> 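After the structure tokens below, expect a handful of questions from me.
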2 protein chains.
Amino acid sequence: MPGFTCGLDATLRVIAGKWKPLILYFLAQGGPIRYGALRRAVRGVSDKMLIQQLKELETDGLVKRTDYKEIPPRVDYSLTPLGLSLAEALVPLCIWGTENMAEVTRVFALREALNGKIR
Amino acid sequence: MPGFTCGLDATLRVIAGKWKPLILYFLAQGGPIRYGALRRAVRGVSDKMLIQQLKELETDGLVKRTDYKEIPPRVDYSLTPLGLSLAEALVPLCIWGTENMAEVTRVFALREALNGKIR
DNA sequence: CGGCATCCATGGAGATACTG
DNA sequence: CAGTATCTCCATGGATGCCG
């Protein structure tokens, strides 16, 4: 249903998905990155999820996939200008997390103690 | 599991939850806001979800809840300094969404046409 | 990568407490 | 009966992950 309540709402839908923000972030770190390297960078993803989210980012015009059609297969991913601009908007979140990591860690440890598992 | 892979990862876990970024954003718009008003601002939330996410934000030290212990009930919510700093980090995302809303809308319309439903 | 099984977040409906 | 704030039970859909 087109029609977002505000700009933030629109952005959130674009980066909806457990790994998309991290993918964008790592793609922004440097030039084109090969699939395997990306897989290693985004720790914890399964191949299925990584492929799936990359494909969505690609159809959304944020990521560009290049298949060199070589043997052995060689494929790399990079950001489109649109994707780059979004990745840049993520930088403050990254900074916030870095600056407050101790605090966040502490709070999450508490939750873990209370609930058994986090959320 | 304490131990985040990076700052962005830490932040993402804090704002995990469909409505948390929006809640933080609206709380940052002005002074303390009453529950009912917040409910109206965050369009689409159910009472259950709003309460639940507010409680998590509160235990995470991002939101301050004030209960005036009156009858009929009167409660309002505001940001802690930590919450405010996070809300400020969300501003670029909001701007990005606003600037690219047309593009985002178009892309999502395509997805809708292909899949029947989004994602 | 496609199926299949699973698990958790989301959401709806109803209940509560108290007053005007 | 209307209004405010919150909680609990239950249903379900969609995201996630494992396996071939």
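No experiment lies behind these values; they were computed from the predicted model shown.
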> Nearest to the side chain of B:Met49, heavy atoms from C-beta on, is which of C:dT10, D:dT4, D:dG17?
C:dT10
> In whole Å, I'd like the distance from the CD1 atom of B:Ile51 to the P atom of C:dG12.
15 Å
> Using whole Å, what does the distance between atom P of nucleotide C:dG20 and atom CZ of B:Arg74 come to?
15 Å
> Heavy atoms under 4.0 Å, any strand shown: does B:Lys55 hit a base, just sugar-phosphate, or nothing?
sugar-phosphate
> Inspect the contact between A:Asp67 and A:Arg65 and indicate whether a charged nitrogen and a carboxylate oxygen are less than 4.0 angstrom apart.
yes
> Would you indicate whether the side-chain heavy atoms of B:Phe4 and B:Leu12 approach each other to under 4.5 Å?
no
> For A:Leu50 and D:dT16, give me the distance from atom CG to atom P, rounded to whole Å.
12 Å
> Grab the CD-P distance between B:Gln53 and D:dA5 for me, whole Å please.
18 Å
> How do B:Tyr77 and B:Ile71 order along DNA chain D: which one's closest nucleotide is nearer the 5' end?
B:Ile71
> Could you tell me the separation between the CG atom of B:Asp47 and the P atom of C:dA13, rounded to a whole number of Å?
12 Å
> Within this structure, what is the CD-to-C1' distance between A:Glu58 and C:dC1, rounded to whole angstrom?
15 Å
> Compare the minimum distances between each of D:dG17, C:dT10, D:dG3 and the side chain of B:Pro72, then state the nucleotide with the smallest one.
D:dG3
> Counting any heavy atom closer than 4.0 Å, what does B:Arg34 reach on the DNA or RNA strands: base, sugar-phosphate only, or nothing?
sugar-phosphate
> When you measure from the side chain of A:Thr80 to the backbone N and O of A:Lys64, does any donor-acceptor pair fall under 3.5 Å?
no
> Is a donor-acceptor pair below 3.5 Å formed from side chain A:Lys18 to base D:dG17, judging by atom type as modelled?
no
> Taking B:Leu93's backbone N and O only, do any of them form a donor-acceptor pair with A:Thr11's side chain (distance below 3.5 Å, no angle check)?
yes
> Find the distance B:Gln52:CD to D:dC9:P and express it as a whole number of Å.
14 Å
> With the threshold set at 4.0 Å, does a side-chain nitrogen-carboxylate oxygen contact exist between A:Glu103 and A:Arg106?
yes
> What is the distance, to the nearest angstrom, from the NZ atom on A:Lys48 to the P atom on C:dC4?
12 Å
